[in-house]
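Report on the following structure.
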Amino acid sequence: MSKIILKARAKVNLSLDVTGIREDGYHEMRMINHSIELADVLTFYPREQGIVLTSNEHTIPLDERNLVIKVALKLQNQFTIKLGAKIHLEKRIPAQAGLAGGSSDAAAALKGLNTLWQLGLSQSELLKIAVTIGADVPYCLVGGTALVEGIGEKITPIGDLRKMTILVVKPDIDIATPWAFKKLDNSIIKKHPDISALMALLKQDAYHELKEVVGNVFEAVAFADYPEIAAIKKEILAKGALASIMTGSGSTVIGYYADRELAVKMWQQFKEIYPLCFLSKTEESGGENYVE
């Protein structure tokens, strides 16, 4: 095997709720996640020993602070692996954007190294490791559209979303997840998103009603400190999107479009202000990676 190439799909929250805090300090979550076409690409090469990580993005760490390295070292230690690997990470998903780029990279690393080192681990075995790496890693391992609960370990796949064009707008604002959780913990959540109603609308294919039920509890704290994020969402909704939401703890705002021409028009408008502005599309389950 000369190399393995995997796509690590970005994750978007169609709705996100924080329902409580456990005694161990972890937050209980309930959210609807889905994958989009936007993806990092990881290439794995065999190596006699040692783990080497390279990237096209000079701002990301290439040591144990990177979840890809964390995954590799964990697998080596847990399964007494003597072999090494060279991994090249082509970053396309913006960092600190709420798109789970790091978690998706970690999930791809679990899959890639499982194949490269011929560990033969099942998905359920990989999921048990994934939950020890990060809250979004189990979902990113599964991909598709899913109800995710607990601390990210309870994943219930639901039907794929209708094919839509996705507008991804990342302002020049970086929001660290610990900051967002601290702000949320120190505030009163006035409105929780109705995720059960959202699931019912998706089942009914009532996409014209999406904007009334999607929601993200982090929007209130992010909008208070960064009104620019709220302004982006307002503009997207005012110009005809089916729905719009800030994903994760921010700062990326997502717009959903049935009309691709309208999405392209909005992308052309926003890219003049925000260089990290992309057009993507909803991704079907099972389409999150490829192997060579």
Quiz prompt | Atom pair NZ (Lys74) and OG1 (Thr132), whose distance is rounded to the nearest 0.5 Å | solution = 3.5 Å
Exercise. Report the relative orientation of the aromatic rings in Phe218 and Phe181; use parallel for angles under 30°, tilted for 30 to 60°, perpendicular for over 60°.
Key: perpendicular
Quiz prompt | Crowding at CZ, Phe79 (>12 non-hydrogen neighbours, <6.0 Å) | solution = yes
Quiz item: Are any non-hydrogen side-chain atoms of Leu184 and Ile189 less than 4.5 angstrom apart?
Solution: yes
Practice problem: Would you sort out whether Gln123 and Val142 count as a side chain to side chain contact (heavy atoms under 4.5 Å, CB included), showing the intermediate values? | Solution: CA-CA 8 Å; Gln123 186 178 65; Val142 175; 4.3 Å; yes
Quiz item: Are Tyr207 and Leu202 close enough that some pair of their side-chain heavy atoms sits under 4.5 Å apart?
Solution: yes
Quiz prompt | Steps toward side chain to side chain contact (heavy atoms under 4.5 Å, CB included) verdict (Thr247, Asn216) | solution = CA-CA 7 Å; Thr247 186; Asn216 180 348; 5.6 Å; no
Quiz item: Hey, is the main chain of Met164 close enough, under 3.5 Å, to the side chain of Thr282 for a donor-acceptor pair?
Solution: yes
Quiz item: Hey, any chance Ile69 and Val52 share a hydrophobic cluster, counting ILVMFWY side chains that come within less than 4.5 Å of each other, even indirectly?
Solution: no
Exercise. Measure from the side-chain N and O atoms of Ser187 to the backbone N and O of Lys183, and report whether any donor-acceptor pair falls under 3.5 Å.
Key: yes
Quiz item: So do the side chains of Lys281 and Thr165 get within less than 4.5 Å of each other, counting heavy atoms only?
Solution: no
Quiz item: Within a reach of under 6.0 Å around CG of Asp172, are more than 12 heavy atoms found that belong to other residues, nucleotides or ligands?
Solution: no
Quiz item: So Phe270 and Val168, side chain to side chain contact (heavy atoms under 4.5 Å, CB included) or not? Walk me through it.
Solution: CA-CA 10 Å; Phe270 277 109; Val168 182; over 6 Å; no
Self-check item: Gly248 backbone acceptor or donor facing Asn13 side chain under 3.5 Å
Solution: yes
Quiz prompt | Any side-chain heavy-atom pair of Phe223 and Lys233 under 4.5 Å | solution = yes
Quiz item: Would a 4.5 Å heavy-atom cut-off, applied to side chains only, mark Lys234 and Pro227 as touching?
Solution: no
Exercise. Taking the side chain as every heavy atom from C-beta outward, state whether Leu113 and Gln76 have any atom pair closer than 4.5 Å.
Key: no
Exercise. Return the minimal non-hydrogen interatomic distance between Ile175 and Ala180, and the atom names on each side.
Key: CG2-CB, 4.2 Å
Quiz prompt | Donor-acceptor pair, side chain of Ser251 and main chain of Asp174, under 3.5 angstrom | solution = no
Quiz item: Does a side chain donor of either Glu209 or Gln204 reach within less than 3.5 Å of an acceptor in the other side chain?
Solution: no
Quiz item: Which distance, rounded to the nearest 0.5 Å, do you find between the OG1 of Thr177 and the CD of Gln96?
Solution: 8.0 Å
Exercise. Report yes or no: does Asn66 contribute a side-chain atom to a donor-acceptor pair with the main-chain N or O of Leu62 at less than 3.5 Å?
Key: no
Quiz item: Is the side chain of Ser35 donor-acceptor paired with the backbone N or O of Gly143 at a distance under 3.5 Å, no angle test?
Solution: no
Quiz item: Where is the tightest heavy-atom contact between His27 and Ile21, given as atom of each residue plus distance?
Solution: CD2-CG1, 3.6 Å
Quiz item: Side-chain heavy atoms under 4.5 angstrom apart, residues restricted to Ile, Leu, Val, Met, Phe, Trp, Tyr: same cluster for Leu201 and Val12?
Solution: yes
Quiz item: If only atom types and distance count, is the side chain of Thr145 paired as donor or acceptor with the main-chain N or O of His34 below 3.5 Å?
Solution: no
Quiz prompt | Over all atoms of both residues, closest heavy-atom pair of Leu75 and Ile81 | solution = O-CG1, 3.8 Å
Self-check item: Leu198 vs Val214, side chain to side chain contact (heavy atoms under 4.5 Å, CB included): CA-CA, chis, key distance, verdict
Solution: CA-CA 7 Å; Leu198 172 59; Val214 299; 4.2 Å; yes
Quiz item: Would you say Ile166 and Leu38 make side-chain contact, with heavy atoms under 4.5 Å?
Solution: no
Exercise. Taking Glu153 for its side chain and Ile151 for its backbone only, find out whether a donor-acceptor pair lies under 3.5 Å.
Key: yes
Self-check item: Taking every non-hydrogen atom, the tightest pair across Ala85 and Trp117
Solution: CB-CZ2, 4.1 Å
Exercise. Kindly say whether Val217 contributes a backbone atom to a donor-acceptor pair with the side chain of Asp17 at under 3.5 angstrom?
Key: no
Quiz prompt | Transitive ILVMFWY side-chain link Met31 to Tyr26, under 4.5 Å | solution = no
Self-check item: Over 12 non-hydrogen atoms of neighbours within 6.0 angstrom of NZ in Lys211
Solution: yes
Quiz prompt | Spatial distance of atom CG (Leu276) from atom NZ (Lys271) [nearest 0.5 Å] | solution = 13.5 Å
Quiz item: To the nearest 0.5 Å, how far apart are OG1 in Thr156 and CD1 in Ile158?
Solution: 9.0 Å
Quiz item: Does Tyr256 reach the main-chain N or O of Leu167 with its side chain, forming a donor-acceptor pair under 3.5 Å?
Solution: no
Quiz item: Minimum heavy-atom separation for Leu279 to Val264, with atom names?
Solution: CD1-CG2, 3.7 Å
Practice problem: Give a yes or no on this: more than 12 heavy atoms of other residues, nucleotides or ligands lie within 6.0 Å of atom CZ of Arg162. | Solution: yes
Practice problem: Could you tell me the separation between the NZ atom of Lys7 and the CG atom of Leu42, rounded to the nearest 0.5 Å? | Solution: 12.5 Å
Practice problem: Starting at NZ of Lys163, measure out to CG of Leu161 and round the result to the nearest 0.5 Å. | Solution: 12.5 Å
Practice problem: May I ask whether Val41 and Tyr45 are part of the same hydrophobic cluster, defined by side-chain heavy atoms of I, L, V, M, F, W, Y residues being less than 4.5 angstrom apart, directly or through others? | Solution: no
Quiz item: Do Trp179 and Asp225 have side chains that get closer than 4.5 Å, going by heavy atoms?
Solution: yes
Self-check item: Which atom of Ile133 lies closest to which atom of Ala106, heavy atoms considered
Solution: CG2-CB, 4.2 Å
